[in-house]
Amino acid sequence: TCGCSARVVTVPPGPLIRVEGQPVSIRCDVKEYTGPSEQDFEWNMLKDAKGQKTKIISSFDSRYSDQSYSKRVASGDISVVRLQDNEVELKIAEVKLTDAGFYECQTPSTDYVISGNYMAQVQLTVIPNTLKVSPKTPPPVISEGSDLTLSCNVTRELIHPTYLSVTWSVKKGTTSEEILTYGPQGDVVTGSRFARRYAEGGIRLVPGRNGVFELVISRMTTSDEGNYECNGTEWTHESGGNWIKIVESTKEMGTVAVTPTEPNFTLTLVAEVNPQTTAEPTELACRVTNIANLPLGGRLGVSWEHTSLPGGDPQTSHPIGSLDANGNLLPGSIYMERMKSGALTLSRVQPNTFKLRILRTQEIDMGQYVCSVSAWSVNSQGDMVKTSENRSSPLTVRWDTKRPIVNVVAKRIREASVGGSTFELGCSVTTQNIGDAGYSVLIQSQDSLDSTVRTIMTLSPDNVVQHGGATDPNRRDNLVLTKSGAAEFRFRLAGVQLSDRGYYWCDVTAWTKQQPGQAWTKASSSESNKIRINFLENGPSFSIAIKSDDSSVYPWETAKMECSLSVSGSSPKTDDLAYEVKWFFTRLRGGPASVQVASVDRFGVVRKINRNSSSDPVSSVVSSDSGEYFCSVTPWYLSASTGAWTEAQELTSSKVFLAVKFAVWDSLKLPLLYGASASLGVGLFSLVLGLVCAQCCCRNTAHLPRSRNKLMDLEMD
């Protein structure tokens with residue numbers, strides 16, 4: 001209720017089991033106290049929990065020790081070490097069986113109010129040292145690749161519940177490295193350098209009976225040499241879950257030497273594909289035979305070297321590349337780019353056969369080749385290490401270098417005989433001493449053999465077409481350059497004109513690539529024979545004819561005449577033709593004077609000519625239209641040779657005579673009919689009118705009876 005602190009003194013939970021002759025340390029601390037921060041401690045020993053106390057040592061009073069402990073305290077066998085202001089540690093350098101009992105830690109009070117506990121006890125149990133480690137001496141010398149068995153017997157007398165562990169280690173010089181530890185809980189802990197080897201089964205633990213433990217190391221290598229040791233440790237498991245090492249013993253097992261056994265084998269380097277010219281492939285095979293003493297799990301690797309041929313440049317050896325035991329490719333700096341592009345490859349085609357392939361051999365590849373095969377084995381850490389290496393005899397790769405030759409032959413595919421037709425040229429390429437190549441083509445022309453050369457079109461090795469500077473931009477659709485075969489090309493010129501006349505040929509250049517992805521390298525070039533375009537511009541031929549439906553007509557009837565033209569020779573398209581047409585009239589047959597009646601220009605505009613005393617040229621015929629008619633035509637055509645409209649020679653048709661007939665009866669019958677009809681009509685009308693007047697105006701209204709005499713009156717007669 002007053003809120004005061006209560007002092008708490010703490011020691012480790014017991015009982016503490018220790019082995020005779022081993023060091024012992026017991027810690028004591030105090031908390032929740034008042035007064036100075038640095039506290040004093042006193043240690044006492046009791047044979048039983050409530051027995052008589054025997055003073056051992058004090059942290060502040062040098063005369064505190066009982067007479068039975070004063071000598072041990074003075075010699076340092078028993079001491080107290082301050083760890084902090086509130087914590088100390090009691091140490092016994094070599095514990096004795098008589099030291100077993102209860103140890104009490106007491107703190108003098110510095111509190112204002114006495115509260116809490118001021119002392120704490122812990123039991124110490126001391127057992128005799130019964131741990132025994134008896135290793136079996138291994139063979140002093142073993143062959144590389146053999147297995148080594150390390151046997152160690154670790155025992156103790158089970159007086160109290162203690163546990164054992166066994167550790168194997170190897171010592172090289174002054175450095176000792178743990179291989180494997182088994183226990184105390186039955187678990188296995190490996191050294192960092194041996195973890196992978198243990199996981200792969202290269203190190204095995206074989207627990208036996210009666211404390212016998214065996215460690216088997218497989219495939220010993222020279223790196224496994226050393227002085228092997230066996231360590232046995234006794235452990236106790238205290239309250240709180242802590243494992244405490246109470247005693248251990250290490251014994252040397254013996255020194256083991258490993259006799260190396262280098263693998264032996266025979267190398268044979270042969271050329272399976274030998275180039276005869278530049279750019280041909282090369283394939284070298286390095287065969288490994290008569291393999292002996294290759295350790296279990298051992299593998300082979302290969303490295304290749306190239307030495308230039310003796311000549312003007314000093315001979316130098318360059319590493320091409322290598323394949324290690326795991327198949328990892330390590331290219332040489334000079335050949336790295338060629339390997340990345342696939343132009344040069346290193347491979348293992350069979351377990352004991354390695355190959356070097358060059359897709360396109362260059363002149364710099366000529367020289368001597370050597371393959372070096374190395375044997376690899378697994379070391380003690382589980383890594384692959386090179387143990388030996390053999391070199392093959394050098395193999396010379398060379399060929400006679402020849403000058404590359406390109407031949408080009410041009411031939412006419414389609415002849416351009418007239419303007420507007422299509423000209424087609426084909427070029428075939430043959431090569432010597434080049435191999436696989438790409439081609440660039442230039443289509444060139446000149447008006448005469450002495451005139452300036454013009455470039456019409458170009459085709460690159462990558463098949464990119466471009467028009468030359470001499471090409472009219474308006475005619476580029478008429479030009480075609482294609483690759484029709486592996487080494488064949490075609491040039492086509494549609495709608496040839498007079499300006500296209502001249503000589504045409506192919507200028508071909510052969511290109512090669514040293515390896516895929518690199519730029520093209522020029523090998524050689526050549527020009528083909530020349531093909532000539534030569535034709536005359538004649539133009540089309542025209543003929544004219546005239547015809548009339550009737551040669552004679554009556555007045556007021558319609559007369560129809562046609563002026564027709566026919567085209568022969570080089571016939572242009574309909575859209576490329578136009579005509580100017582004129583119609584003429586002569587009154588007298590064979591008369592020299594003619595009058596133009598109408599005209600149609602080449603744009604289709606119709607013009608009519610007014611004539612005195614003549615009707616419209618497209619209306620009904622009158623008597624004055626009688627006479628001779630003819631037409632005159634001027635053709636216009638779009639010249640395929642020049643591309644311009646050209647006026648042809650004017651054509652005049654023959655004459656046709658149109659007669660206008662005059663008939664008397666045909667002329668009078670209608671007037672007579674009209675007159676007779678009119679007279680009859682007037683007479684009838686007069687008669688009817690007289691009758692009507694007689695009846696209506698002059699009639700006698702007084703009725704006179706008619707005489708009944710048979711004779712009529714005279715007046716009636």
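Source: prediction; values computed, not measured.
Side-chain atoms of L180 and F194, non-hydrogen and from C-beta on, never get closer than 4.5 Å to each other. At a threshold of 4.5 Å between non-hydrogen side-chain atoms, the residues N274 and V397 count as touching. Using a 4.5 Å cut-off on side-chain heavy atoms (C-beta onward), I320 and Y369 make contact. The shortest distance between side-chain heavy atoms of I78 and Y69 falls below 4.5 Å. With a 4.5 Å cut-off on side-chain heavy atoms, R287 and V270 count as touching. Side-chain atoms of N231 and V133, non-hydrogen and from C-beta on, never get closer than 4.5 Å to each other. Between M253 and L150, some side-chain heavy-atom pair lies under the 4.5 Å cut-off. Using a 4.5 Å heavy-atom cutoff, the side chains of V166 and C230 are in contact.
For the residue pair E89 and S25, a side-chain donor N or O sits within less than 3.5 Å of a side-chain acceptor on the partner. No side-chain donor from either of S347 and T345 sits under 3.5 Å from a side-chain acceptor of the other. No hydrogens or angles considered: nothing links the side chains of D324 and S322 as a donor-acceptor pair under 3.5 Å. Looking at H306 and S308, their side chains never bring a donor and an acceptor atom within 3.5 Å of each other. Inspection of the T259 and S143 side chains reveals no N or O donor paired with an N or O acceptor under 3.5 Å. If you check the side chains of Q39 and R7, you find a donor sitting under 3.5 Å from an acceptor.
A pairwise comparison of heavy atoms in S65 and V73 identifies OG-CG2, 3.6 Å as the closest pair. Of all the heavy atoms in I246 and I17, the pair that sits closest is CG2-O, 3.3 Å. Of all the heavy atoms in L395 and A271, the pair that sits closest is CD2-N, 3.7 Å. Closest approach of V256 to P138, counting heavy atoms only: CG2-CG, 3.7 Å. Between L131 and N129, the closest heavy-atom pair is N-OD1, 3.3 Å. Residues S218 and R204 share a closest heavy-atom pair of OG-NH1, 3.1 Å.
Results of the side chain to side chain contact (heavy atoms under 4.5 Å, CB included) test with K251 over S134, P135, C152 single out P135 as the only residue that passes. With D77 as reference, R72 is the one residue of R72, K96, K91 to meet the side chain to side chain donor-acceptor pair (under 3.5 Å) rule. Of the residues listed (K47, K53, K50), the one engaging E104 in a salt bridge (charged side-chain N to carboxylate O under 4.0 Å, His left out) is K53, and it is the only one.
The pair E248-K245 counts as a salt bridge, with a side-chain nitrogen and a carboxylate oxygen less than 4.0 angstrom apart. Electrostatic pairing of E238 and R18 counts as a salt bridge here, judged by a charged N lying under 4.0 Å from a carboxylate O. Under 4.0 Å is where a charged nitrogen must lie from a carboxylate oxygen, and between D224 and K172 no such pair does. For E177 and K171, the salt-bridge test fails: no basic side-chain N is under 4.0 Å from an acidic carboxylate O.
Partners of E87 according to the side chain to side chain donor-acceptor pair (under 3.5 Å) rule, which considers only residues two or more places apart in sequence or in another chain, are Q84.
Rounding to the nearest 0.5 Å places CG of D147 at 8.0 Å from CZ of R219.
In this structure, N44 contributes its side chain and Y103 its backbone to no donor-acceptor pair below 3.5 Å.
Within the structure, side-chain hydrogen bond (donor to acceptor under 3.5 Å, both in side chains) pairs that include any residue of residues 151-168 comprise R156-T162, T162-E234, S165-W235, T167-T181 (at least two apart or interchain).
The environment of R398 atom CZ is sparse: at most 12 non-hydrogen atoms of other residues, nucleotides or ligands sit within 6.0 angstrom. Applying the 6.0 Å contact sphere to CD of Q185 captures more than 12 heavy atoms from other residues, nucleotides or ligands. Dense packing is recorded around CD of E272, with more than 12 heavy atoms of other residues, nucleotides or ligands lying under 6.0 Å away.
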Does the side chain to side chain contact (heavy atoms under 4.5 Å, CB included) test come out yes or no for V81 and V88, once each step is laid out? CA-CA 5 Å; V81 178; V88 296; over 6 Å; no
Applying side chain to side chain contact (heavy atoms under 4.5 Å, CB included) to V216 and L205, what does each step give before you reach the verdict? CA-CA 6 Å; V216 180; L205 175 66; over 6 Å; no
Query raised in the report: Can you check side chain to side chain contact (heavy atoms under 4.5 Å, CB included) on F60 and E42, steps first, answer last?
Result: CA-CA 8 Å; F60 65 94; E42 297 172 345; 3.3 Å; yes
